[in-house]
Amino acid sequence: MTTFPQLFTWGTATSSYQIEGGWQQGGKGLSIWDAFTHTPGKIIDASNGDVTCDHYHNYKEDIALMAKQGLKAYRFSLSWPRIQPQGHGKANKEGIEFYSDLIDTLLEHDIEPWVTLYHWDLPITLQLEYDGWLNPKIADFFKAYADICFDAFGDRVKRWITLNEAWVVVMLGYGQAVFAPGRESKTEPYIAAHHLLRAHAGAVDIYRKKYQHKQGGLIGITNNCDWREPLTDSQQDKEAAQRALEFFLGWFADPIYLGAYPPAMRERIPDKLPRFNDKDLNLIKGSSDFFGLNHYTTLYASHAEKEEQLDIDVYGNGGIAEDQYVNLSRNDAWPLTPMGWAIVPWGCRKLLHWIDQRYDHPAIVITENGCTRDDKVVDGKVDDQERIDFVRAYLNEIHTAIEQGVDVRGYFLWSFMDNFEWASGFTKRFGINYVDFDSGKRIAKSSAKWYSQVVKNNGF
Ligand code: PNW
């Protein structure tokens with residue numbers, strides 16, 4: 001049997017917009033995702049998160065299911081417009097009560113809450129009045145919002161994540177227009193990224209100054225990154241893969257762990273990259289107590305010599321290709337999930353080593369990993385072997401990395417239950433608990449049972 005370290009955290013994850021519903025209830029304001037989904041043409045199946053899993057009304061039942069499955073930790077996010085309907089100003093009492101009850105219910109079931117402050121549902125007022133993440137002022141708004149949350153929940157919440165996947169926010173939201181707020185630009189992602197980093201650091205600062213010493217929790221950021229494997233052994237391709245990783249994860253992790261944007265970015269796009277002032281940099285450097293990582297897939301990287309050689313948009317998740325001079329590709333032998341994401345478990349191990357070396361052996365928490373499969377319900381059950389195989393293979397590689405000395409402290413499976421998968425709507429199902437969206441019923445699937453065994457045995 002493969003066993004994980006004694007204090008390893010096992011859990012599952014969700015986010016507010018994807019599961020809550022109750023979009024106009026309890027005094028909640030609107031978010032950019034409410035507006036985006038209600039705009040015809042933005043979501044594949046024209047669906048939205050108005051109701052989704054209706055977790056807002058069923059959270060007690062959902063938490064009871066978690067407990068039944070032996071889950072020890074649950075990562076979820078707070079809806080900023082549920083807490084501050086206008087994005088600034090007074091907190092909404094009903095919103096605070098909702099999350100307060102949810103947290104109490106988790107603790108009653110001995111489940112540790114891991115709370116993300118921002119998983120993409122920006123109050124729409126901040127978009128309309130201030131241009132969202134493009135405005136430097138957003139950092140102050142985020143800090144004030146974070147302060148409300150630490151004050152209201154920090155007596156019981158000991159694990160905080162400021163931002164989920166700043167890379168997705170800026171690349172898909174401000175670069176490629178596929179996520180809210182739906183902007184398409186070659187320069188705005190760098191500006192939005194800059195203010196996301198400043199906002200993160202401001203929230204961490206207030207936690208450390210006002211709360212951490214008395215509440216005793218930890219705070220960090222979660223970034224996402226695929227692995228980039230050099231296409232060939234050539235020096236040029238190796239450098240291309242390194243460059244691609246610096247433009248992906250280094251963009252957000254280098255300022256926090258090394259105090260500057262990565263060398264590849266500073267060399268190639270000095271004029272596009274905003275500069276930190278000393279005050280910002282002081283706050284950003286060292287602003288994460290753990291290294292939150294979401295990891296899903298791997299691509300090859302190869303060097304492009306000139307612009308004409310760039311294969312732009314073939315694999316649209318590489319950042320701004322013209323800035324990197326990197327081409328991405330796939331091995332035909334790699335199996336694909338229905339999302340089109342390649343299943344390459346060893347890429348996860350290599351990425352963990354890359355992080356370990358570059359950032360001097362940080363404590364890493366895998367805050368998301370998982371896959372979507374074409375599940376079918378037969379007689380109230382789902383034969384979910386493909387997802388079990390996926391998770392087992394990735395966990396094996398993570399375990400190998402731990403044996404080789406990488407400090408991995410936890411694993412959160414995405415996702416606790418099927419939910420609204422952003423631009424894919426309800427056409428993709430990541431959850432280990434099947435949700436019948438017509439009746440709102442949850443069906444525990446085979447992988448849910450298997451994963452709970454892993455959790456119980458602290459190994460597999
Ligand atoms: C993450 N990409 O999103 C999010 O944190 C979850 O909310 C989401 O449901 C999950 O992964 C599955 O998609 C991502 O294009 C979205 O590289 C897109 C990308 C990566 C992560």
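Each ligand, and each atom within it, is numbered from 1 in the order the structure gives.
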Practice item. Report, as yes or no, whether the 6.0 Å neighbourhood of atom NZ on K272 holds more than 12 heavy atoms from other residues, nucleotides or ligands. Key: yes
Practice item. Using salt bridge (charged side-chain N to carboxylate O under 4.0 Å, His left out) as the criterion, list what pairs up with D356, not counting sequence neighbours. Key: none
Point to revise | For ligand 1, the portion of L172 having any non-hydrogen atom under 4.0 Å away | key: side chain
Point to revise | Contact atoms of ligand 1, heavy-atom distance to Y296 under 4.0 Å | key: 10 (C), 11 (O), 12 (C)
Exercise for review: If the plane angle is over 60° it's perpendicular, under 30° parallel, otherwise tilted; pick one for Y411 and Y451.
Suggested key: tilted
Review point. Who gets closest to atom 12 (C) of ligand 1 by heavy atom: H295, Q176, Q18, E421?
Key: E421
Check your understanding: What about W414: any of its N or O atoms under 3.5 Å from an N or O on ligand 1?
Key -> yes
Review point. Who are the salt bridge (charged side-chain N to carboxylate O under 4.0 Å, His left out) partners of K42, not counting sequence neighbours?
Key: none
Practice item. Before signing off on this row, confirm whether D226 and ligand 1 have an N or O atom pair separated by under 3.5 Å. Key: no
Review point. What part of N164, side chain, backbone, both or neither, has a heavy atom within less than 4.0 angstrom of ligand 1?
Key: side chain
Practice item. Please state which part of W341 comes within less than 4.0 Å of ligand 1, counting heavy atoms only: side chain, backbone, both or neither. Key: side chain
Check your understanding: For residues D121 and S16, is any side-chain donor paired with an opposing acceptor at under 3.5 Å?
Key -> yes
Exercise for review: Take every heavy atom of H119, measure it against each atom of ligand 1, and state whether any distance is under 4.0 Å.
Suggested key: yes
Check your understanding: With no hydrogens and no angle check, do the side chains of Y207 and D147 hold a donor and an acceptor under 3.5 Å apart?
Key -> no
Review point. Looking only at side chains, do T9 and R409 share a donor and an acceptor under 3.5 Å apart?
Key: no
**Study point:** W167 N/O to ligand 1 N/O under 3.5 Å
**Key:** no
Review point. With only distance considered, is E368 within less than 3.5 Å of ligand 1 through an N or O on each side?
Key: yes
Exercise for review: Measure from atom 14 (C) of ligand 1 to every heavy atom in M171, E165, M339 and give the option owning the shortest one.
Suggested key: E165
Review point. When the aromatic ring centroids of Y257 and F291 are compared, is their separation below 6.0 Å?
Key: yes
Exercise for review: Evaluate the ring planes of W120 and W422, with Trp represented by its six-membered ring, and classify them as parallel (under 30°), tilted (30 to 60°) or perpendicular (over 60°).
Suggested key: tilted
Check your understanding: For ligand 1, which atoms, with element, lie under 4.0 Å from some heavy atom of F430?
Key -> 12 (C), 13 (O)
Check your understanding: Just distances here: any N/O of W422 and N/O of ligand 1 closer than 3.5 Å?
Key -> yes
